[in-house]
There are 2 protein chains.
Amino acid sequence: MKKKEAILKVATVLFANKGFTDTSVQELARLTGVAEGTVFYHFKSKEGLLLAVLEQTRDEIVDQFERFFENRPFNSGLEMAEEVVSFYLYLAGLMEDKFLLLHRHFLYRLSESNPGFRENLESIYNCLVDIFERAISMGQGDGSISGEIHTRKSALVLFTMVDGLVRFKNHNLYDAGALFNELMLMCRRMLQA
Amino acid sequence: MKKKEAILKVATVLFANKGFTDTSVQELARLTGVAEGTVFYHFKSKEGLLLAVLEQTRDEIVDQFERFFENRPFNSGLEMAEEVVSFYLYLAGLMEDKFLLLHRHFLYRLSESNPGFRENLESIYNCLVDIFERAISMGQGDGSISGEIHTRKSALVLFTMVDGLVRFKNHNLYDAGALFNELMLMCRRMLQA
DNA sequence: CAAAAAACCGAGTGTTCACTCAGTTTCGTT
DNA sequence: AACGAAACTGAGTGAACACTCGGTTTTTTG
């Protein structure tokens with residue numbers, strides 16, 4: 001089971017950085033140090049391998065988020081919202097390849113023909129947006145976040161903003177770090193009661 | 001010159017929706033109704049064709065934005081900022097393929113080896129962010145937008161947010177239309193003095 | 001209208017690709 | 001040690017690919 005994990009690991013990097021079609025199984029095998037046939041012994045096809053990568057990505061992201069936010073004390077919903085934003089950016093740096101993968105179009109194209117992809121992507125996004133929503137909901141309860149905003153929709157907008165910044169960082173368009181303080185300020189202004 | 005334009009048009013759709021590698025010149029020629037050799041008569045390579053598509057996209061987007069905002073009267077900078085956001089979303093719907101293309105990773109990968117791609121992408125983003133910045137700057141002058149925010153950085157954050165929403169729409173993750181009002185509210189709250 | 005130039009054509013070429021398969025090695029169990 | 005199962009191998013295969021090129025048609029021009 002050692003080689004299977006190694007294949008998954010290298011495949012994640014290659015799929016995220018080169019794309020699906022531009023990653024050849026031959027190159028993947030060479031970089032992993034296994035024979036080409038080994039890849040097809042463990043995964044039924046290249047697409048099956050990508051699905052396995054996505055499943056592992058979902059497990060890891062969902063796990064990280066749930067562990068970070070369960071049984072955690074926050075002084076207010078607004079503070080929690082800020083920590084969620086912060087943690088999302090932190091995680092996107094820590095798991096750069098996996099977040100890059102999630103921003104690649106081929107996953108969403110494959111979603112249309114292979115429900116496995118759709119299910120995993122939905123799992124991830126639901127988990128993330130739910131946590132944003134929980135923070136806003138809590139803040140509206142304790143009065144730290146304005147009641148004039150729509151809970152779910154503003155969670156989506158907030159998520160969109162943070163995720164957009166991650167995309168710009170991944171595309172080397174501009175430095176996300178330099179925008180961190182401004183982003184936090186904007187979040188606070190958006191949500192504050 | 002009729003066929004050259006036809007090739008560019010079809011190539012835009014294919015590159016945006018299928019990606020660079022997954023678009024074959026054979027298929028492109030068939031859909032355009034020309035011979036494969038004709039594509040290479042007009043463009044020196046597949047990559048050259050993509051660059052031509054990007055150049056046309058830049059011309060069109062920059063032109064649209066500049067024409068929309070030159071000599072236009074706004075009651076306040078805040079109102080202008082709202083109109084910029086609105087117009088960006090409108091244009092992203094009108095030129096769906098071109099905005100989808102701009103969100104595809106292969107452009108940014110090619111940017112690293114071919115400066116032509118980098119230059120065109122920078123032109124587009126500079127043009128867009130500049131207009132956001134102009135609105136904020138104006139608002140800070142007339143008092144409709146808070147002076148506590150950093151002009152350029154908040155323009156980037158604002159752009160990131162709107163562009164992120166377009167990405168979610170293009171990936172069929174959730175309906176951007178349903179979030180429009182919430183997005184505008186959030187923008188106002190972010191910027192308001 | 002004739003000659004030159006530009007546009008267009010599609011069969012041909014060499015390469016790369018995902019995937020198969022018949023055979024070999026490694027591992028777990030008794 | 002013996003044996004069956006699981007893991008692994010890499011040469012082989014047919015399909016698809018970007019691009020070329022010698023030749024044909026269409027357009028421009030003097």
Side-chain angles (χ1 to χ4, degrees), chain A residues 1-56 101 104-114 116-117, chain B residues 1-56 101 104-114 116-117:
Chain A
M1 279 298 164
K2 213 62 202 282
K3 298 211 170 176
K4 190 176 179 181
E5 285 162 30
I7 292 168
L8 271 173
K9 200 168 163 181
V10 176
T12 304
V13 178
L14 289 179
F15 285 147
N17 289 280
K18 304 192 65 174
F20 183 66
T21 310
D22 288 337
T23 296
S24 81
V25 179
Q26 197 174 55
E27 184 189 16
L28 167 65
R30 191 173 42 79
L31 286 174
T32 315
V34 303
E36 213 176 329
T38 308
V39 177
F40 291 98
Y41 173 75
H42 287 294
F43 307 95
K44 75 171 201 289
S45 64
K46 195 180 163 188
E47 187 172 319
L49 169 60
L50 175 63
L51 186 57
V53 167
L54 181 60
E55 275 162 4
Q56 194 189 249
L101 181 70
R104 301 216 49 153
H105 193 75
F106 56 82
L107 288 182
Y108 304 89
R109 267 211 124 222
L110 287 168
S111 283
E112 289 161 23
S113 59
N114 186 333
F117 287 97
Chain B
M1 278 296 164
K2 212 61 204 280
K3 299 212 169 176
K4 188 176 179 181
E5 285 162 30
I7 291 168
L8 271 173
K9 199 169 164 181
V10 176
T12 304
V13 178
L14 289 180
F15 284 148
N17 289 281
K18 305 192 64 175
F20 183 66
T21 311
D22 287 337
T23 295
S24 81
V25 178
Q26 198 175 54
E27 185 190 14
L28 166 66
R30 191 174 42 81
L31 287 174
T32 314
V34 303
E36 214 176 329
T38 308
V39 176
F40 291 98
Y41 172 75
H42 287 294
F43 306 96
K44 76 172 201 290
S45 65
K46 196 180 163 189
E47 187 172 319
L49 169 59
L50 175 63
L51 186 57
V53 167
L54 181 59
E55 275 163 5
Q56 194 189 249
L101 181 70
R104 302 217 48 155
H105 193 75
F106 57 81
L107 288 182
Y108 304 89
R109 267 210 125 223
L110 288 168
S111 283
E112 289 161 22
S113 58
N114 185 333
F117 287 97

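Since the structure is predicted, the reported quantities are computational estimates derived from the model, not experimental observations. By convention in this document, chain letters (A, B, ...) are assigned in the order of the sequence lines, proteins followed by strands, and residues within each chain are numbered from 1.
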*Could you check if a side-chain atom of A/Lys46 sits within less than 4.5 angstrom of a side-chain atom of A/Phe20, using non-hydrogen atoms only?*
yes
*asked:* Could you check whether A/Lys18 makes a cation-pi contact with B/Phe106, meaning its NZ or CZ is under 6.0 Å from the centre of the six-membered ring and within 45° of the ring axis?
replied: no
*Side-chain touch B/Phe43/B/Leu51, heavy atoms, less than 4.5 angstrom*: no
*Is the closest side-chain heavy-atom distance between B/Phe117 and B/Glu47 below 4.5 Å?*
yes
_To the nearest 0.5 Å, what is the distance between OG1 on A/Thr32 and CG on A/Leu14?_
7.5 Å
*Going from CG on A/Leu101 to CD on A/Gln56, what distance comes out if it is rounded to the nearest 0.5 angstrom?*
11.0 Å
*Heavy-atom distance under 4.5 Å between the side chains of B/Val25 and B/Phe40, does that happen here?*
yes
Nucleotide N/O to protein N/O under 3.5 Å, stretch nucleotides 3-7 of chain C:
{"residue": "C/dA7", "atom": "OP2", "partner": "B/Tyr41", "partner atom": "OH", "Å": "2.5"}
{"residue": "C/dA7", "atom": "O5'", "partner": "B/Tyr41", "partner atom": "OH", "Å": "3.4"}

Mind listing the N/O atom pairs, protein and nucleotides 16-20 of chain D, below 3.5 Å?
{"residue": "D/dA18", "atom": "OP1", "partner": "B/Thr23", "partner atom": "O", "Å": "3.2"}
{"residue": "D/dA18", "atom": "OP1", "partner": "B/Lys46", "partner atom": "NZ", "Å": "2.6"}
{"residue": "D/dA18", "atom": "OP2", "partner": "B/Val25", "partner atom": "N", "Å": "2.9"}
{"residue": "D/dC19", "atom": "OP2", "partner": "B/Lys46", "partner atom": "N", "Å": "2.7"}
{"residue": "D/dC19", "atom": "N4", "partner": "B/Glu36", "partner atom": "OE2", "Å": "3.0"}

*Starting from C1' on D/dT9, measure out to CD1 on A/Ile7 and report it in whole angstrom.*
12 Å
*Does some side-chain heavy atom of B/Leu31 sit less than 4.5 Å from a side-chain heavy atom of B/Val13?*
no
*asked:* Using a heavy-atom cut-off of 4.0 Å across all strands, would you classify B/Val39 as base, sugar-phosphate, or nothing?
replied: nothing
*Between D/dG10 atom C1' and A/Arg30 atom CZ, what is the distance in whole Å?*
15 Å
_Tell me the interatomic distance from B/Lys2, atom NZ, to D/dT28, atom P, rounded to whole angstroms._
14 Å
